[in-house]
Amino acid sequence: MTFGFFDSGMGGLFMMESCIQIYPNHTYIYVGDTAHLPYGPRSTGKILSLMSPHLLWLFEEQQCDYVIIACNTAGVAATKDFIKLHPEYQSRIINIVDATLNYLHTLESCEMLVLATQGTINHGVYTSLPDHIVTGVAMPGLVDLIESGDVAGAEAMVYDALLYHPRIHTVLLACTHYAYLAQALQSAFPQYQFITQDVCLHKALEQLLQKTTSDETGSSTYYVSGDPSVYTERFGKDVIQRD
Ligand code: DGL
């Protein structure tokens, strides 16, 4: 099976690497639209026009069986419109937002803090969950801090948000970038439960793959629209530039 992963940047890479750990015997292709991140403050129309060529390339030129939209902001803003324009791909798109909603549905009802980009919070997809009492907090600028490698700045921003809501101990990191902070957050707040969205994708892929077996050795390829050397240095992978 060939899986394409799309995000504005390195959040999608985290999600793909985590899926590779669980399901290694498949072909994985990652595309990050790093030339245009962050998507969080962008309009729906702009996100659709930025994302569409990448999704079409994954389906048409890379022959992906499935494309995972590993970006909440793009997932809420533009997936419906993309499918309206390209209905032939509807059944082959896995939107991380749907995967997350399905996962949250399996959890016991609780009070939950949802941290996400401005675009995701404005959309309201995670703040009107029927099973949970949710407080949504937009984190403008956090994606930029994570992309620029300012881990201390990024952690400090999240600590502030958590300390502002001291009663809530279940936290959904609803931007794929934020998953990079999860380990540090868990050490700093051991009594909290931090939910990263890779587990939601594991469940989605599990359902998809349950009837299939694979004898592929597995491979992964990495593309970004911006300067590839940044990711090559940071992640030690061969990253190819894609316009
Ligand atoms: N990883 C994207 C998300 O899950 C970040 C969006 C952005 O570029 O602001 O929303």
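Start at 1 and go down the list; that is how both ligands and their atoms are numbered. Small disclaimer: the values here were computed from a predicted structure and weren't measured.
Shortest non-hydrogen contact noted between Met16 and Ser220 is CE-CB, 4.1 Å. Residue Arg242 comes nearest to Pro53 through the heavy atom pair NH2-O, 3.4 Å, listed as atom of the first residue, atom of the second, then distance. Contact between Tyr180 and Met10 at its shortest, heavy atoms only, is OH-O, 2.8 Å. Shortest non-hydrogen contact noted between Pro38 and Val143 is CB-CG1, 4.1 Å.
Put simply, the residue from Leu172, Val114, Leu107 that forms a side chain to side chain contact (heavy atoms under 4.5 Å, CB included) with His132 is Leu107. Met139 pairs in a side chain to side chain contact (heavy atoms under 4.5 Å, CB included) with only one of the listed residues (Leu173, Leu145, Val158), which is Val158.
Counting atoms of ligand 1 from 1 in the listed order, those under 4.0 Å from a heavy atom of Asp7 are 1 (N), 2 (C).
Between Ser8 and ligand 1 there is a heavy-atom distance shorter than 4.0 Å. Note on ligand 1: Gly9 sits outside its first shell, no heavy atom being nearer than 4.0 Å.
Side-chain contact annotation: Gln21 with Asp198, donor-acceptor N/O pair under 3.5 Å absent.
For ligand 1, none of its N or O atoms has an N or O atom of Ala174 under 3.5 Å away. Polar contact with ligand 1: present for Asn72 (N/O pair, distance under 3.5 Å). Ligand 1 has no nitrogen or oxygen under 3.5 angstrom from a nitrogen or oxygen of Thr120.
Counting heavy atoms closer than 4.0 Å to ligand 1, residue Thr73 contributes atoms from both its backbone and its side chain. Contact annotation for Thr117 and ligand 1: only side-chain heavy atoms (C-beta onward) come within less than 4.0 Å of the ligand.
With respect to atom 7 (C) of ligand 1, the closest heavy atom belonging to the protein is Tyr39 N, 3.1 Å. Protein heavy atom in closest approach to atom 9 (O) of ligand 1: Gly40 N, 2.8 Å.
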